[in-house]
**Student:** 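The following block contains the structure, expressed as structure tokens.
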Amino acid sequence: MSFKQFSPLVLCLLLSKVANAEINTLPNKKAKLEIKPIVCMVKSMGQICEMTISVDWSIQTPQNVCLFKNDTSLQCWLNTQKAKTNISISISEDMIFSLKNEKMHVLANQKVKINAAANRKYRRKLKSDWSFF
């Protein structure tokens with residue numbers, strides 16, 4: 001095997017080792033965040049929705065993590081691998097909840113949506129106002 005054939009092989013092996021080292025330094029990607037319910041109903045858009053959400057999360061290794069509502073910290077846990085809790089929230093628009101570690105890397109996130117009940121004046125009528133019979 002000549003040096004010209006050997007050098008691309010060595011280069012590929014070195015690049016794979018570097019890529020593998022970078023993957024191992026990234027935050028834990030096997031985190032799970034489950035929030036229930038994920039939809040809140042209001043009469044009309046813009047109203048504040050107040051509800052209690054159930055938060056269930058888990059990660060592979062124990063870490064210091066916090067649950068955030070956009071950029072606001074709701075609750076933190078020290079050296080914990082999983083937790084389940086209920087939190088009362090008030091939101092007026094769709095909100096993203098994130099589980100972040102102490103370096104502020106997002107481990108997992110979930111969106112809670114707001115839906116408005118249909119207004120009666122926009123509903124389709126089931127029968128017409130006039131008839132020949």
**Student:** Answer with yes or no whether the hydrophobic clustering places Ile91 together with Met45; edges join I, L, V, M, F, W, Y residues whose side-chain heavy atoms lie under 4.5 Å apart.
**Tutor:**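 Yes; Met45 is reachable from Ile91 via cluster members.
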**Student:** Report the distance from atom CG of Asp94 to atom NZ of Lys111, rounding to the nearest 0.5 Å.
**Tutor:**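 Taking CG in Asp94 and NZ in Lys111, the distance rounds to 4.5 Å.
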**Student:** Quick one: which residue pairs count as a ring pair (Phe, Tyr, Trp, His ring centres under 6.0 Å) with a foot in residues 30-50, not counting sequence neighbours?
**Tutor:**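 Qualifying pairs, neighbours excluded: none.
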**Student:** Measuring from atom SG of Cys66 to atom CD of Gln75, what distance do you get when rounded to the nearest 0.5 angstrom?
**Tutor:**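 The distance works out to 9.0 Å.
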**Student:** For the CD1 atom of Ile53 and the OG atom of Ser88, what is their distance to the nearest 0.5 Å?
**Tutor:**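 Rounded to the nearest 0.5 Å, the CD1-OG separation comes out at 9.0 Å.
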**Student:** Which atom pair, heavy atoms only, marks the closest approach of Gln47 to Val42?
**Tutor:**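 Reported closest heavy-atom pair: OE1-CB, 3.8 Å.
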**Student:** Tell me, with the steps shown, if Leu33 and Leu67 meet side chain to side chain contact (heavy atoms under 4.5 Å, CB included).
**Tutor:** CA-CA 10 Å; Leu33 173 63; Leu67 180 69; 4.2 Å; yes
**Student:** Would you say that Val112 contacts Val39 through its side chain, given a criterion of any heavy-atom pair below 4.5 Å between the two side chains?
**Tutor:**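 Not touching, per the 4.5 Å side-chain cut-off.
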**Student:** Could you tell me whether the side chain of Gln81 and the main chain of Gln60 form a donor-acceptor pair under 3.5 Å?
**Tutor:**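 Side chain of Gln81 to backbone of Gln60, a donor-acceptor pair under 3.5 Å: yes, one is there.
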**Student:** To the nearest 0.5 Å, how far apart are CD in Glu102 and CG in Asn79?
**Tutor:**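 Between atom CD of Glu102 and atom CG of Asn79 there are 9.5 Å.
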**Student:** With heavy-atom distances below 4.5 Å as the criterion, would you say the side chains of Lys69 and Ile87 are in contact?
**Tutor:**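 No. Closest side-chain heavy atoms not under 4.5 Å.
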**Student:** Looking at Val65, is its backbone amide N or carbonyl O close enough to the side chain of Asn101 to form a donor-acceptor pair, meaning the two atoms are under 3.5 Å apart?
**Tutor:**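 Flag not set: sc Asn101 to bb Val65 has no pair under 3.5 Å.
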**Student:** Which pairs pass ring pair (Phe, Tyr, Trp, His ring centres under 6.0 Å) with one or both residues in residues 45-102, sequence neighbours excluded?
**Tutor:**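 Qualifying pairs, neighbours excluded: Trp57-Trp77.
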**Student:** Given side chains that start at C-beta, do those of Ile89 and Met51 come closer than 4.5 Å, heavy atoms only?
**Tutor:**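 The answer is yes; the side chains approach within 4.5 Å.
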**Student:** Hey, could you give me the CG/OG1 distance between Asn86 and Thr52, rounded to the nearest 0.5 Å?
**Tutor:**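 Between Asn86 CG and Thr52 OG1, I get 7.0 Å after rounding to 0.5 Å.
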**Student:** Quick check: closest heavy atoms across Lys43 and Ala116, and the distance to 0.1 Å?
**Tutor:**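 Closest approach of Lys43 to Ala116: O-CB, 4.1 Å.
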**Student:** Should we count NZ of Lys32 as having more than 12 external heavy atoms under 6.0 Å?
**Tutor:**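 Check passes, neighbour count above 12.
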**Student:** Are side-chain heavy atoms of Leu99 and Val55 found at a separation under 4.5 Å?
**Tutor:**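 No - every pair of side-chain heavy atoms lies 4.5 Å or more apart.
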**Student:** List in chain and number order the residues that pass side chain to side chain contact (heavy atoms under 4.5 Å, CB included) with Ile48, two or more places apart in sequence or in another chain; answer none if no residue qualifies.
**Tutor:**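 With sequence neighbours excluded, Ile48 shows a side chain to side chain contact (heavy atoms under 4.5 Å, CB included) to Glu50, Ser90, Ser92, given in chain and number order.
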**Student:** Which heavy atom in Val106 sits nearest to a heavy atom in Lys100, and how many Å separate them?
**Tutor:**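 Closest approach of Val106 to Lys100, heavy atoms only: CG2-CE, 3.9 Å.
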**Student:** From Cys49 SG over to Met95 CE, what is the distance, rounded to the nearest 0.5 angstrom?
**Tutor:**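 Rounded to the nearest 0.5 Å, the SG-CE separation comes out at 10.5 Å.
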